[in-house]
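Structure first, commentary second.
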Amino acid sequence: MEFRRIAEDPCGSRTGRIETPHGEVETPAFMPVGTQGAVKALTPEQVQGLGAQIILGNTYHLYLRPGHRLIRELGGLHRFMNWPGPILTDSGGFQIYSLGALRTLSEEGVTFQSHIDGSRHFLSPESAVEIQEALGSDILMCLDECIPYPAGRAEAERALERTARWAARCKKSRRNPSQALFGIIQGGVYPDLRRRSAEAILSIGFDGYALGGLSVGEPKELMLENLAATAPLLPADRPRYLMGVGTPEDLVEGVAHGIDLFDCVMPTRSARNGLLFTNGEKVVIKNARYREDGSPLDSTCDCYTCRNYSRAYLRHLYVSGEILAMVLNTIHNLRHYLRLMERIREAIREGRYREFRERFFRERQAGTADE
RNA sequence: GGGGUCGUAGUUAAGUUGGUUAUAACGCCGGCCUGUCACGCCGGAGGCCGAGGGUUCGAGUCCCUUCGACCCCG
């Protein structure tokens, strides 16, 4: 994997290009989440058509079903799901957090009780790498321990140290150097622990660095504070990935702190639950106020949904439980996110990201955003 | 004409031997969603218990009348 910086804004944001065995990614980039080998509700062709250059898969979920060996035998994840571009796989570290009640942790690794059938499965730093290599991901993530919020200092400290030990084991066990491996910074919401975690992970050395354990329920100010404290410590010549974040506002802030990669279920999950992002107000499409609204969802959006359908129709589809509601809503939300990233990259390239960001938040506050 | 069953929220239903503010589901209205256990989660509004009369300290529950729906027998 190669990372080339193309332009840098005086305020610290940068645009660049990541080259992987399956193609390039222009950064800053938003990566749609396709946990089980599918971006929910869309075909890969649609995802690509929306401007996505790289998507996510998940180690835990694909290991459990259909199994990484099967996927390897069938030609790897790219071929299995018919996604020709780059894929980043998360390690299962997030499931240590999200499936809290279904797992037990030890220094060796984590034992999950399958959420599907209750069977027990052991995931270690080594097996997490092995699974991701079998999947054929372009970027693998180290197995980390993602802790919930709130968490005490002692717990955050213990988790960041274990994450560092696991990171070393991940690096040691990797076999295929053509697949990039990213280390993950933890440390809870304690800036000094974040710094310590960064030092530990940096000293091991990875192809890219991720900030994990943020946006797990903490107040936004804490998230931004820890982001600001940690991002500058990450080497400028490696991609920086803010895991699991976030809202459009979070992306704009993340970029301002020099983040290159984001992923989040928000656009896709919200779409399926009827929350649609626009350049104006957020639209809860099931609300009765849209029942007779013949206008497009977002008149400034260039997506298939906004070009062809009214809010009234989208509401009708949603309340009727039509599958098409999820398809059209996901198309829009993802396009909204991906177009935001396009505009961000353009602004950085033209050296006007500071103005872009200021205008972005000014318009949000005024609620009069147009373009 | 005779007999029976049943009328409870917008809908379908539950309501124990009569006993505090009459339940649920769906629907309706609103909110939430941050490395996906997620077409999900949370909350809210909404009932002269068909109508009238009676028994009782107290009736959605018991009795009478009446209206309506359905079924059976002539």
Side-chain angles (χ1 to χ4, degrees), chain A residues 30-41 54-62 64-65 87-103 112-118 128 132 137 139-149 163 182 184-186 208 210-220 222-224 227 241-251 253-254 259 261-277 282-291 315 317-330 333 337:
Chain A
F30 178 78
M31 307 183 280
V33 178
T35 303
Q36 309 195 71
V39 174
K40 294 185 197 299
I54 174 172
I55 60 172
L56 241 73
N58 183 276
T59 301
Y60 166 80
H61 289 278
L62 292 170
L64 228 48
R65 185 171 57 189
I87 295 176
L88 180 151
T89 42
D90 187 30
S91 60
F94 184 71
Q95 279 63 43
I96 290 178
Y97 154 77
S98 66
L99 300 178
L102 292 173
R103 55 54 171 181
F112 284 106
Q113 191 158 6
S114 163
H115 65 282
I116 301 166
D117 62 7
Q132 295 180 79
S137 326
I139 300 175
L140 330 193
M141 299 304 299
C142 286
L143 186 66
D144 64 327
E145 184 183 346
C146 181
I147 57 171
Y149 178 89
T163 294
F182 281 23
I184 303 175
I185 316 297
Q186 288 291 341
L211 298 183
L214 291 175
S215 279
V216 289
E218 77 281 7
K220 183 135 297 188
L222 271 182
M223 196 269 275
L224 293 173
L227 170 63
Y241 167 24
L242 180 53
M243 305 183 81
V245 174
T247 64
E249 292 82 357
D250 293 338
L251 303 192
E253 287 299 83
I259 299 297
L261 294 168
F262 301 88
D263 80 280
C264 193
V265 301
M266 188 163 287
T268 43
R269 179 192 289 166
S270 293
R272 296 193 308 283
N273 292 330
L275 174 64
L276 303 175
F277 295 91
K282 281 179 194 160
V283 170
V284 179
I285 198 63
K286 65 180 156 191
N287 286 1
R289 56 192 291 207
Y290 302 118
R291 202 173 69 84
R315 175 178 195 272
L317 290 180
Y318 186 86
V319 301
S320 305
E322 285 292 339
I323 293 172
L324 186 58
M326 285 184 262
V327 175
L328 295 181
N329 291 349
T330 303
N333 271 359
Y337 266 63

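A, B, ... follow the sequence lines: proteins, then strands. Residue 1 opens every chain.
The distance between atom CD1 of A/Ile96 and atom P of B/C37, rounded to the nearest whole Å, is 13 Å. A/Leu227 has its CG atom 15 Å from the C1' atom of B/G35, to the nearest Å. Note: OH (A/Tyr337) to C1' (B/C33) measures 10 Å, nearest angstrom. The separation between A/Leu317 atom CG and B/C39 atom P is 17 Å, rounded to whole Å. Here B/U34 presents its C1' atom at 11 Å from OH of A/Tyr241, a figure rounded to the nearest Å. The distance from atom CG of A/Asp90 to atom P of B/G35 is 10 Å, rounded to the nearest whole Å. Between the CG atom of A/Leu251 and the C1' atom of B/U34 there is a distance of 10 Å, given to the nearest Å. Across the protein-nucleic acid pair, A/Glu218 atom CD and B/C33 atom C1' stand 15 Å apart, rounded to whole Å.
For A/Asn329 (side chain) and A/Ser270 (main-chain N/O), no donor-acceptor pair under 3.5 Å exists by modelled atom type. A/Arg315 places a side-chain N or O within donor-acceptor distance of the main-chain N or O of A/Asn287, the cut-off being under 3.5 Å. For A/Asn58 (side chain) and A/Thr35 (main-chain N/O), no donor-acceptor pair under 3.5 Å exists by modelled atom type. No donor-acceptor distance shorter than 3.5 angstrom exists from the side chain of A/Ser320 to the backbone of A/Glu322, with no hydrogens or angles considered.
Atom name C1', nucleotides B/G15 and B/U21: the rounded distance is 16 Å, in whole Å. The P atoms of B/C42 and B/C33 are separated by 15 Å, rounded to the nearest whole Å. B/G68 sits 46 Å from B/G31 when the P atoms are compared, rounded to a whole Å. B/U23 and B/A14: their C1' atoms are spaced 7 Å apart (whole Å). Between the C1' atoms of B/U16 and B/U61, the separation comes to 10 Å (whole Å). Taking atom C1' in both B/C29 and B/G46, the straight-line distance is 10 Å, to the nearest Å. Atom P of B/A51 sits at a distance of 13 Å from the matching atom of B/G7, rounded to the whole Å. Annotation: B/C28 and B/G47 have their C1' atoms spaced 15 Å apart (nearest Å).
Dashed line: the shortest gap from a side-chain N or O of A/Gln95 to OP1 or OP2 of B/C37 is under 4.0 Å. Checking the phosphate oxygens (OP1, OP2) of B/C29, a side-chain nitrogen or oxygen of A/Arg315 falls inside 4.0 Å. Between A/Ser270 and B/C33 there is no side-chain polar atom (N or O) within less than 4.0 angstrom of OP1 or OP2. Between A/Asn329 and B/C39 there is no side-chain N or O to OP1 or OP2 distance below 4.0 Å. A/Ser215 has no side-chain polar atom (N or O) that falls below the 4.0 Å cut-off from OP1 or OP2 of B/U34.
When base pairs are accepted only as Watson-Crick or G-U wobble with both N-N or N-O distances under 3.5 Å, RNA chain B takes part in stems of 3 or more pairs at B:1-7 with B:67-73, B:10-13 with B:23-26, B:28-32 with B:40-44, B:50-54 with B:62-66.
A search for ring pair (Phe, Tyr, Trp, His ring centres under 6.0 Å) contacts involving A/Tyr60 returns A/Phe112, A/His115, not counting sequence neighbours. Taking the side chain to side chain donor-acceptor pair (under 3.5 Å) definition, one finds that A/Lys220 meets it with A/Asp250, sequence neighbours left out. When the side chain to side chain donor-acceptor pair (under 3.5 Å) test is applied to A/Ser137, the partners found at least two apart in sequence or on another chain are A/Thr89. Applying the ring pair (Phe, Tyr, Trp, His ring centres under 6.0 Å) criterion to A/Phe262, with sequence neighbours excluded, gives no partner residue.
Of the two residues contacting RNA chain B, namely A/Val265 and A/Arg291, the nearest-nucleotide position lying further toward the 5' end is that of A/Arg291.
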Under the side chain to side chain contact (heavy atoms under 4.5 Å, CB included) criterion, do A/Gln36 and A/Arg65 qualify, and how do the steps go? CA-CA 8 Å; A/Gln36 309 195 71; A/Arg65 185 171 57 189; 3.6 Å; yes
Between A/Phe182 and A/Leu261, does the side chain to side chain contact (heavy atoms under 4.5 Å, CB included) criterion hold? Intermediate values first, please. CA-CA 12 Å; A/Phe182 281 23; A/Leu261 294 168; 3.9 Å; yes
Checking A/Met141 against A/Met243 for the side chain to side chain contact (heavy atoms under 4.5 Å, CB included) test, could you report, in this order, the C-alpha distance in whole Å, the side-chain angles of both residues, the deciding distance, and whether it holds? CA-CA 10 Å; A/Met141 299 304 299; A/Met243 305 183 81; 3.8 Å; yes
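Judged by atom type and distance alone, A/Asn58 does not reach the base of B/G35 through any side-chain donor-acceptor pair under 3.5 Å. For a distance-only test at 3.5 Å, the side chain of A/Ser98 fails to qualify as a donor-acceptor partner of the base of B/U36.
If you check every strand for non-hydrogen atoms under 4.0 Å, A/Gly34 touches nothing. Residue contacts shown for A/Gln113 are absent, as no nucleic acid heavy atom lies under 4.0 Å away. At the heavy-atom level, A/Asn287 lies under 4.0 Å from the strands shown only through sugar-phosphate atoms. Base contact: A/Lys220 has a heavy atom under 4.0 Å from a base atom. Among the protein residues, A/Ser114 comes within range of no part of the nucleic acid, since none of its heavy atoms lies under 4.0 Å from any strand. Here A/Leu102 lies in heavy-atom contact (under 4.0 Å) with a base.
Out of B/G30, B/U34, B/G35, the shortest distance to the side chain of A/Ile184 is found at B/G35.
The number of heavy-atom neighbours closer than 6.0 Å to CD1 of A/Ile323, taken from other residues, nucleotides and ligands shown, is 12 or below.
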If the sugar-phosphate is the primed atoms plus P, OP1 and OP2 and the base is the rest, what is the B/S/- string for nucleotides 40-45 of chain B, using protein heavy atoms under 4.0 Å? B-----
